[in-house]
6 protein chains.
Amino acid sequence: MAATDFDTTLPSIRQLQNWIKEKTSVEFKLMSGDVITGKVFWQDINCVCIVDANEEKTIVWKLAIAYMKARS
Amino acid sequence: MAATDFDTTLPSIRQLQNWIKEKTSVEFKLMSGDVITGKVFWQDINCVCIVDANEEKTIVWKLAIAYMKARS
Amino acid sequence: MAATDFDTTLPSIRQLQNWIKEKTSVEFKLMSGDVITGKVFWQDINCVCIVDANEEKTIVWKLAIAYMKARS
Amino acid sequence: MAATDFDTTLPSIRQLQNWIKEKTSVEFKLMSGDVITGKVFWQDINCVCIVDANEEKTIVWKLAIAYMKARS
Amino acid sequence: MAATDFDTTLPSIRQLQNWIKEKTSVEFKLMSGDVITGKVFWQDINCVCIVDANEEKTIVWKLAIAYMKARS
Amino acid sequence: MAATDFDTTLPSIRQLQNWIKEKTSVEFKLMSGDVITGKVFWQDINCVCIVDANEEKTIVWKLAIAYMKARS
């Protein structure tokens with residue numbers, strides 16, 4: 001099993017799936033200090049792909065995420 | 001097994017469950033330097049969801065937590 | 001197995017158990033730069049709980065610890 | 001299994017394979033603050049090799065990656 | 001298996017065993033920026049215990065080590 | 001399996017083996033900000049040993065490496 005768990009019954013995984021379905025605006029703060037904003041496009045056990053307003057895709061590694069939240 | 005252990009007999013897991021039940025005010029210091037405060041809403045093997053006074057949910061990745069404590 | 005090993009025959013685990021039994025004053029330096037001091041209250045595979053002079057409990061995640069030592 | 005997962009059906013792994021095939025210009029932001037740019041030459045479960053304009057190869061460890069993206 | 005490997009045939013584990021036996025003066029640079037110097041007292045899968053000139057023991061977590069070396 | 005994979009068919013492992021054989025001058029950038037230069041002496045699943053011009057050995061933990069490259 002990798003460093004994160006990809007069990008689709010987990011609230012953390014389901015939350016990301018909901019954000020994908022609802023096209024929710026999100027904010028990811030990374031341990032590098034970067035803040036990535038946009039909409040979640042896909043997730044897998046290693047990464048989350050976030051698309052910004054210019055359709056640019058940023059692939060964030062889950063091990064680097066400090067926190068994530070929906071943007072009000 | 002993922003990088004953290006989710007055995008509900010563990011004191012660390014039980015402490016989070018208690019904070020959820022008691023709606024305790026908590027403070028999470030992350031390795032990114034961020035301090036997240038509020039009440040624990042849910043936890044799973046990867047993350048902890050914290051709700052703040054404005055009902056905003058922040059999902060913290062357990063691997064990023066430096067320490068956590070109840071706020072007196 | 002999680003990212004740390006919880007085999008009670010290990011010197012690192014036994015040292016924490018001794019500090020609990022002896023109520024030793026300790027200092028934990030975290031990778032976030034925080035220094036947590038007090039007495040070790042409990043440990044499990046994920047975390048160490050440290051109680052300070054005001055009986056405040058701080059739960060430190062083992063993956064975040066740089067070093068730990070008894071305070072002379 | 002290592003800290004990252006190397007299942008070629010994963011979107012994160014396939015994205016890197018596509019960048020290799022398409023010789024896409026990429027940007028990798030690392031947790032050390034470094035930004036590595038160039039084209040992906042190969043990947044394995046531990047690392048990604050990026051070749052820059054001077055044909056210099058930089059081998060990035062996946063655990064150190066904050067995010068990666070194609071450069072427009 | 002934990003995040004580090006404790007196979008005594010590994011050069012990295014054997015090097016630490018030699019430093020213990022030879023009472024070599026060593027320097028450990030940690031990812032927190034701390035530099036710990038002294039002599040290696042013991043090691044296990046999680047940690048390395050270093051004793052300084054005042055017989056003070058510092059227990060370093062292996063996951064926090066950037067590099068280690070004998071001091072000339 | 002430890003946090004990194006030590007399968008000698010992997011390009012990342014083979015690259016280190018080649019550097020050892022060819023006595024290539026290398027540069028390792030660590031997440032602590034340190035830059036270690038010299039020649040790779042040995043590697044195992046946990047660490048890489050680098051020897052500098054003064055024959056001083058620095059043992060780098062693989063989990064701390066941001067990137068590595070041959071020095072032109």
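Because only heavy atoms are used, hydrogens play no part in the values below, and waters and symmetry mates are left out as well, while side chains stay in.
When side chains are defined from C-beta on, D:N46 counts as touching F:I13, because their heavy atoms get closer than 4.5 Å.
Atom NZ of D:K57 is separated from atom CE of F:M68 by 12.5 Å, given to the nearest 0.5 angstrom. The line from CG of D:L63 to CE of F:M31 is 7.0 Å long, rounded to the nearest 0.5 Å. Note that CZ of F:F28 and CD1 of D:I59 are 8.5 Å apart. Values are rounded to the nearest 0.5 Å. How far OH of F:Y67 is from CD1 of D:I36: 5.5 Å, rounded to the nearest 0.5 Å.
If you measure heavy-atom distances from F:Q15 to chain D, the contacts under 4.5 Å come from the side chain alone. Proximity to chain F involves both the backbone and the side chain of D:W61, based on heavy atoms less than 4.5 angstrom apart.
Of all the heavy atoms in D:A64 and F:I65, the pair that sits closest is CB-O, 3.7 Å.
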